[in-house]
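Some notes on the structure that comes next.
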Amino acid sequence: MNRPEDSTLSALAGPSDTAPDAPPSTDLEAALVAAQRGDPDAFRLLYRDTQPRLLRYLHALTGDDAEDTASETWLHIARDLHTFHGDYD
């Protein structure tokens, strides 16, 4: 039986194969630190890596409102990135 949370988990997981141009986790961590310091190229890397997965997740939750919700999410991320510590669940 296909439960609603199954589609949400699938959306988060995305394709089973990692994209060949996807940066390794350590690159994303370095990009996060650089973006927190104001590096626009690092923020661009975070956006390009995260946006497709974010949209899949939001589409599973909100349907047609996913783009609007993602835009609002990125506004909050850009505004509050300097305070992000990554220590909350």
Side-chain angles (χ1 to χ4, degrees):
M1 184 164 135
N2 191 11
R3 298 177 307 196
E5 60 268 12
D6 291 342
S7 63
T8 302
L9 292 174
S10 297
L12 281 173
S16 59
D17 294 335
T18 303
D21 58 345
S25 179
T26 55
D27 287 350
L28 286 178
E29 291 172 16
L32 174 61
V33 171
Q36 287 177 313
R37 293 182 181 148
D39 182 342
D41 292 329
F43 187 84
R44 189 175 300 110
L45 175 70
L46 291 173
Y47 176 86
R48 288 182 178 168
D49 178 76
T50 307
Q51 177 68 355
R53 288 179 281 133
L54 178 63
L55 279 176
R56 280 192 300 273
Y57 174 69
L58 291 173
H59 186 69
L61 293 177
T62 66
D64 291 338
D65 292 331
E67 289 279 344
D68 291 337
T69 306
S71 295
E72 190 68 27
T73 300
W74 283 106
L75 286 172
H76 286 273
I77 291 170
R79 182 191 68 201
D80 299 330
L81 185 62
H82 67 282
T83 64
F84 177 75
H85 299 290
D87 52 2
Y88 294 105
D89 288 334

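Predicted, not measured: the structure shown is a model, and the values here were computed from it.
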>> Could you walk me through whether Arg79 and His76 satisfy the side chain to side chain donor-acceptor pair (under 3.5 Å) test, starting with their C-alpha distance in whole Å, then the side-chain angles of each, then the deciding distance to 0.1 Å, before giving a yes or no?
In response: CA-CA 5 Å; Arg79 182 191 68 201; His76 286 273; 3.0 Å; yes
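Nearest approach of Leu46 to Ala35, heavy atoms of both residues: CD1-CB, 3.7 Å. Heavy atoms only, all atoms of each residue included: Pro52 and Tyr47 are closest at CD-O, 4.3 Å.
Partner Thr73 forms a side chain to side chain contact (heavy atoms under 4.5 Å, CB included) with one of Leu55, Thr50, Leu54 and no other, that one being Leu54.
One finds the CD atom of Glu29 at 9.5 Å from the CG atom of Asp27 (value rounded to the nearest 0.5 Å). Distance check, rounded to the nearest 0.5 Å: CG of Leu81 to CG of Leu32 gives 6.0 Å.
Judged as a side chain to side chain donor-acceptor pair (under 3.5 Å), the pairs with a partner in residues 37-46 (not counting sequence neighbours) are, in order, Asp41-Arg44.
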Without placing hydrogens or testing angles, list every side-chain donor-acceptor pair under 3.5 Å for residues 61-69, not counting sequence neighbours.
residue, atom, partner, partner atom, Å
Thr62, OG1, Leu58, O, 2.8
Thr62, OG1, Ala66, N, 3.2
Thr69, OG1, Asp65, O, 2.9

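The main-chain N or O of Phe84 is found under 3.5 Å from a side-chain atom of Gln36 such that the two form a donor-acceptor pair.
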